[in-house]
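Order of the sequence lines sets the chain letters (A, B, ...), proteins ahead of strands, with each chain counted from 1.
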2 protein chains.
Amino acid sequence: MSLSCATCPVRDRAACAVLDEAERDELARVGRTRKLSKGETLFAAGESGAACATLKSGALKITATDIDGRERILSLVHPSGFVGEMFAPYMRHDVVALGESELCVFSGPAFADAIERYPRLAQALLRRTQEDLFASRELLALTGNSSAEQRVAGALLSMARAASDSPCHPATRFDLPLSRGELADMLGLTIETVSRMLTRFERDGAIRREGKRGIELIDPALLPLS
Amino acid sequence: MSLSCATCPVRDRAACAVLDEAERDELARVGRTRKLSKGETLFAAGESGAACATLKSGALKITATDIDGRERILSLVHPSGFVGEMFAPYMRHDVVALGESELCVFSGPAFADAIERYPRLAQALLRRTQEDLFASRELLALTGNSSAEQRVAGALLSMARAASDSPCHPATRFDLPLSRGELADMLGLTIETVSRMLTRFERDGAIRREGKRGIELIDPALLPLS
DNA sequence: CGGGGCGTTGACATTGGTCAAAATATGTGG
DNA sequence: CCACATATTTTGACCAATGTCAACGCCCCG
């Protein structure tokens with residue numbers, strides 16, 4: 001299926017937004033859209049061949065699986081985000097849909113070619129990759145130092161920020177994009193510990209839970225920040 | 001001090017290696033070399049103004065400090081590595097020399113201008129930043145999941161690999177670039193735990209310690225990998 | 001010779017993991 | 001819409017791994 005940039009929900013936020021119309025049409029010709037449902041795999045670690053994609057809607061997780069089969073979430077991808085390997089000969093991590101998702105997928109060589117041709121695209125991706133790098137380091141800082149309490153609190157705030165339209169102030173009411181198990185995998189904890197911390201925060205009056213995924217921030221100041 | 005690329009030890013590995021001689025001379029004109037000794041700060045978190053640098057020799061650490069004053073090492077930088085912010089208006093992390101180091105430093109705007117002018121430079125930095133991103137995720141995977149034993153073992157192997165000339169096989173004998181405290185900060189452990197794990201590995205015959213920093217890998221297969 | 005930094009070791013307390021079971025949601029077929 | 005089956009989450013009891021505190025040893029440097 002070829003791409004229809006005209007109706008793309010992220011057309012002015014994604015990396016390709018820096019291209020002019022003619023360039024974008026050209027790029028669109030070498031890409032295809034793909035829809036994934038919850039749990040479907042976009043890329044599998046070890047898979048040979050370079051490929052990459054821009055997320056139009058939904059959410060993805062980037063994960064690594066260690067020898068014992070335990071999964072670690074390395075990053076979340078939100079709409080307009082970019083994933084994949086333009087250069088490497090194989091995929092280093094798994095990329096899996098957290099919910100119904102829609103993407104533009106490109107082969108590595110085709111996209112590498114576009115980068116050669118459109119210098120602005122390379123610059124845009126450079127900025128984006130630097131942002132990803134800082135996000136990764138933020139997660140590293142969150143998980144490395146702190147207690148389980150601080151990690152869960154930090155993850156809540158980070159997700160409240162991601163759920164808000166205005167990037168500076170966190171949303172008051174939002175839905176967690178992750179299950180307890182996924183949250184645990186992201187923070188290097190167990191399901192039980194995550195559950196206990198949420199219970200504790202609710203008991204302390206910092207949050208209120210609505211169903212499995214709903215969170216209302218009642219008093220963020222009560223969350224034990226790192 | 002202006003730059004002397006002719007004698008640069010990383011002239012064909014650093015990002016600027018993709019430039020031709022005329023371009024590199026031009027870039028050299030807007031940069032200056034700087035020498036740091038152990039513990040000196042190159043960039044401080046929060047510092048306003050964008051700046052970046054290529055490491056010519058020595059080693060750096062990129063760190064974040066949490067509210068309690070505890071330091072977390074987010075990344076190590078080896079020669080030919082690139083650090084800093086070309087785009088952001090302030091520095092997000094501290095960058096500190098681990099030992100005597102020599103760098104090429106550029107102001108953010110000057111370097112951003114070079115990126116505009118030399119598309120190949122943007123591409124080279126994109127690759128490099130992606131590598132940094134994967135390195136960061138590798139550290140995330142290392143620290144997130146595993147036991148203290150696995151973390152220290154993983155760090156040892158990672159440093160043995162970094163110390164080796166051939167990137168595939170780890171060096172047998174090398175010096176840790178970090179003190180016990182820094183190793184602990186990088187792995188999210190305490191000094192005491194790191195020390196205990198090293199003692200355990202030596203008792204099990206996996207390694208031998210020589211002085212404070214020296215490590216000889218006797219039987220890497222005995223290290224409990226994740 | 002004395003002092004300070006760094007590393008090691010030991011005793012003990014605490015956090016968070018493990019195992020098990022109950023409670024709550026979610027889905028499915030009738 | 002209900003009843004049942006399944007998956008997810010919560011809770012509790014227990015225990016091991018690791019952090020904390022304290023003491024000691026080693027080495028470098030004055």
Tabulate protein N/O versus nucleotide N/O from nucleotides 15-18 of chain D, keeping only pairs under 3.5 Å, one per line.
{"from": "D:dT18", "atom 1": "OP1", "to": "B:Ala148", "atom 2": "N", "distance (Å)": "2.7"}

Requested in this report: Identify whether any heavy atom of A:Ser195 sits under 4.0 Å from a base atom; if not, whether one sits that close to sugar-phosphate; answer base, sugar-phosphate or nothing.
Outcome: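 The residue A:Ser195 makes base contact.
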Query raised in the report: Which part of the nucleic acid, if any, lies within contact of A:Arg151, taking any heavy atom under 4.0 Å across all strands shown: a base, the sugar-phosphate backbone alone, or nothing?
Result: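 Nothing: the residue A:Arg151, judged by heavy atoms under 4.0 Å, touches no strand.
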What closest approach, in Å, do [X] and [Y] show between heavy atoms, and which atom pair accounts for it?
X	Y	answer
B:Ala88	B:Ala50	O-CB, 3.3 Å
B:Pro220	B:Leu157	CB-CD2, 4.5 Å
B:Gly181	B:Ile191	CA-CG1, 3.6 Å
A:Ile73	A:Leu139	O-CD2, 4.2 Å
A:Phe43	A:Gly84	CE1-CA, 4.0 Å

Could you check how far [atom1] of [X] sits from [atom2] of [N], rounded to whole Å?
X	N	atom1	atom2	value
A:Arg180	C:dT26	CZ	P	11 Å
A:Leu178	D:dT8	CG	C1'	15 Å
A:Ile191	D:dT10	CD1	C1'	11 Å
B:Leu176	C:dG7	CG	C1'	13 Å
B:Lys38	C:dG5	NZ	P	14 Å
B:Leu187	D:dG19	CG	P	11 Å
A:Phe201	D:dT10	CZ	P	13 Å

Query raised in the report: Under 3.5 Å, is there a donor-acceptor pair between the B:Ser37 and B:Glu40 side chains?
Result: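 Yes, a side-chain donor-acceptor pair sits under 3.5 Å.
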Query - Note: A:Arg92-A:Glu85 ion pair, threshold 4.0 Å (strictly below) - result: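 Yes.
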Query raised in the report: Salt-bridged, A:Glu192 to A:Arg180, with N to O below 4.0 Å?
Result: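 Judged by the 4.0 Å cut-off on N to carboxylate O distance, A:Glu192 and A:Arg180 do not form a salt bridge.
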Requested in this report: Check whether NZ of the Lys or CZ of the Arg A:Arg127 lies under 6.0 Å from the centre of the six-membered ring of B:Phe87 and within 45 degrees of that ring's axis.
Outcome: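 Ring-cation test returns yes.
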Requested in this report: Could you tell me whether the side chain of A:Arg196 has a donor or acceptor atom within less than 3.5 Å of a complementary atom in the base of C:dT18?
Outcome: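 Side chain to base: pair present.
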Query - A:Met186 vs A:Leu76 side-chain heavy atoms within contact, under 4.5 Å - result: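 Side chain of A:Met186 against side chain of A:Leu76, heavy atoms only: contact under 4.5 Å found.
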Requested in this report: Please examine the side chains of A:Lys35 and A:Ser101, heavy atoms only from C-beta on, and report whether any two atoms are closer than 4.5 Å.
Outcome: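 No, every pair of side-chain atoms sits at 4.5 Å or beyond.
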Query raised in the report: Out of D:dG19, C:dG7, D:dT9, which has the shortest distance to the side chain of B:Arg213?
Result: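 So the nucleotide nearest the side chain must be C:dG7.
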**Report entry** Sub-4.0 Å heavy-atom contacts from residues 57-75 of chain A onto DNA chain D, ordered by number
**Finding:**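 Hits under 4.0 Å, by residue number: none.
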Distances for protein N or O near nucleotides 20-25 of chain C N or O, under 3.5 Å:
none

